[in-house]
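Notes for the one structure printed next.
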Amino acid sequence: MNLGYACINMSLSKNLPRGQKKVTTNRSMIKRTYLQKGVAYASELSLKNCEDLEKIIEWNEQNNIKFFRMSSELFPWASEHGIKALPDYERIAEVLHRAGNKAKQYGQRLSFHPGPFNVLTSNKENVVLNTIKDLSIHGEVMDLLDQPRTPYAKINIHVGATYGDKPAALARFCENFHRLPESVKTRLTVENDDRASMYSTRELVEKVHSRIGIPVVHDLHHHTFCPGGLSAEDAIGLAVKTWGDVKPVIHYSQSRAEEQGDPSIMAKAHSDSYWLPVETYGYDVDVMLESKRKELSLFKMRELLGQKG
DNA sequence: CATGGTCAAGTGGCA
DNA sequence: TGCCACTTGACCATG
């Protein structure tokens with residue numbers, strides 16, 4: 001079992017000497033700045049983000065971490081101009097090629113989890129078009145990283161919405177799936193939701209995987225809010241079977257409200273760290289840890305599991 | 001240099 | 001109605 005963490009490395013930016021820039025792949029800008037500075041500045045930020053992604057991959061290797069979720073903010077405003085339009089495209093492609101091949105050489109799994117604005121269920125054509133655009137960029141970056149076109153390099157999203165009519169929403173999801181480019185279709189996965197009214201792992205397996213064949217990511221924390229009538233063990237069992245030859249991924253987090261002893265915090269909010277080891281019921285899976293303290297809580301989880309670093 | 005208000009996109013739940 | 005929470009805090013103007 002490989003443990004992974006998401007998007008941000010705290011260690012590389014901690015206790016920096018004066019003047020030294022922090023290592024981050026989330027450089028962004030507000031709309032006003034984008035309108036003022038345009039593609040040139042977007043390119044500058046994108047290149048720096050990609051260079052820092054390579055640094056994080058190196059750091060992960062030094063710390064024996066084999067699973068990392070990349071930020072969806074690597075390319076700020078890319079949905080407006082595309083990646084190929086960036087003045088630094090050649091250099092960016094070079095950096096990503098090198099970074100991705102290092103990840104492969106180190107046996108590191110890379111993934112994406114595009115944001116909640118990606119709604120393939122929408123009945124608004126414009127929302128679907130924006131979703132296709134955003135997902136396509138994720139697929140393009142995976143290609144530039146030389147990652148396999150399989151769910152090993154997964155691009156994971158939620159079904160997104162019900163609009164009070166799940167069958168119709170799921171039908172639109174499956175139809176719109178076929179409008180995605182191969183770079184996305186071959187890597188796309190769906191994750192269970194954290195609200196009872198939304199989609200459980202069981203529904204995703206029965207209504208999405210069965211129709212379009214994409215694997216289901218089972219989030220253990222979400223499952224407690226939307227169990228779909230299944231135990232955690234049974235739900236994992238169902239999800240794991242959707243992955244074929246590829247090692248399945250599950251998500252794990254704990255409740256922030258419980259961690260902080262503050263019932264006013266929404267139960268579904270993620271904790272800073274962990275106090276319970278993840279239960280995988282004997283399945284051979286990779287576990288994406290979703291906690292605020294990132295790789296620091298990954299180390300905590302290693303202790304809880306008795307794993308060696 | 002530190003701080004705090006503000007920030008592209010969609011949806012649903014809660015005060 | 002408006003905020004929060006999702007994938008992840010970071011940007012930017014002001015003092």
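This structure is a prediction, so every number in the text was calculated from the model and none was measured. Every chain is numbered from 1 and lettered A, B, ... according to where its sequence line falls, protein lines coming before strand lines.
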Just wondering, do A:F117 and B:dG10 stack (centres under 5.5 Å, planes under 30°)? no
Quick note, A:I30 side chain, CB onward, closest among B:dC7, C:dT8, B:dT11 is B:dC7
Counting heavy atoms from C-beta on, name the nucleotide in B:dA9, B:dT11, B:dG13 closest to the side chain of A:S122. B:dT11
Check ion pair A:K102-A:E61 (N to O, under 4.0 angstrom): no
Select base, sugar-phosphate, or nothing to describe what A:F112 touches, counting heavy atoms under 4.0 Å on all strands. nothing
Give one of base, sugar-phosphate or nothing for A:N26, where a contact means two heavy atoms less than 4.0 Å apart. sugar-phosphate
Rounded to the nearest 0.5 Å, how far apart are NZ of A:K185 and CZ of A:F177? 6.0 Å
C:dG9 OP1/OP2 closer than 4.0 Å to side-chain N/O of A:K292: yes
Base, sugar-phosphate, or nothing: which does A:S71 touch, judged by heavy atoms less than 4.0 Å apart? nothing
Nearest-angstrom distance from the residue atom CD of A:Q36 to P of C:dC11: 15 Å
Proximity to the side chain of A:R27 - top-ranked nucleotide from C:dC11, B:dG13, C:dC12: C:dC11
Do the rings of A:H251 and A:H113 sit parallel, tilted or perpendicular, given the 30° and 60° boundaries? tilted
Give the ring-plane orientation class for A:Y274 versus A:Y252, where under 30° counts as parallel, over 60° as perpendicular and anything between as tilted. parallel
I'd like the C1' distance from B:dG10 over to C:dC11, given in whole Å. 23 Å
Shortest side-chain distance from A:S197, nucleotide among C:dT8, B:dG10, B:dG12: B:dG12
Please confirm whether the shortest side-chain N or O distance from A:K22 to OP1 or OP2 of C:dA10 is below 4.0 Å. yes
Taking atom C1' of B:dA9 as reference, at what distance in whole Å does atom OH of A:Y34 sit? 14 Å
Complementary nucleotide of B:dC1, counting Watson-Crick and G-U pairs under 3.5 Å: C:dG15
Please determine if a side-chain N or O atom of A:R195 lies less than 4.0 Å away from the OP1 or OP2 oxygen of B:dT11. no
Taking the same atom, P, in C:dT8 and in B:dT6, what whole-Å distance lies between them? 25 Å
Beyond-backbone contact of A:D284 with A:K247, side-chain heavy atoms, under 4.5 angstrom: yes
Counting only side-chain heavy atoms from C-beta out, which of B:dT11, C:dA10, C:dC6 sits nearest to A:H270? C:dC6
B:dA9 - base-pair partner by Watson-Crick or wobble geometry, distances under 3.5 Å: none
Examine A:H218 together with A:H223 and report whether their ring centres are nearer than 6.0 Å. yes
CD of A:E80 versus C1' of B:dA9: gap in Å, rounded? 10 Å
Residue A:V119, side-chain atoms from C-beta onward, closest of C:dC6, B:dA8, B:dG10: B:dG10
Base, sugar-phosphate alone, or nothing: which one does A:T25 contact when heavy atoms must sit under 4.0 Å apart? nothing
Pick the C1' atom in B:dT3 and in C:dA5, then give their distance to the nearest Å. 25 Å
Under 3.5 Å, is there any donor-acceptor pair linking the side chain of A:S79 to the base of B:dA9? no
Parallel, tilted or perpendicular: which describes the rings of A:H158 and A:H222, with under 30° parallel and over 60° perpendicular? tilted
From B:dG10, C:dG9, C:dT8, pick the nucleotide closest to the side chain of A:E290? C:dT8
State whether A:Y163 places a side-chain N or O below 4.0 Å from either non-bridging phosphate oxygen (OP1 or OP2) of B:dT11. yes
Roughly how far apart, to the nearest Å, are C:dA10 and B:dT11 at atom C1'? 24 Å
With nearest nucleotide decided by heavy atoms, which residue, A:I8 or A:T33, maps closer to the 5′ end of DNA chain C? A:I8
Using a cut-off of 4.0 Å on non-hydrogen atoms, how would the nucleic acid contact of A:H222 be classed: base, sugar-phosphate, or nothing? sugar-phosphate
Can you measure A:N156 atom CG to C:dT8 atom C1' for me and round it to whole angstrom units? 14 Å
Interatomic distance, A:H158 NE2 vs B:dG13 P [rounded to whole Å]: 14 Å
Of the candidates C:dG9, C:dC11, C:dT8, the side chain of A:M29 sits closest to C:dC11
Ignoring backbone atoms, test whether A:K124 places a side-chain nitrogen or oxygen under 4.0 Å from the OP1 or OP2 oxygen of B:dT11. yes
So what does A:A6 hit on the nucleic acid, given a heavy-atom distance under 4.0 Å: a base, only sugar-phosphate, or nothing? nothing
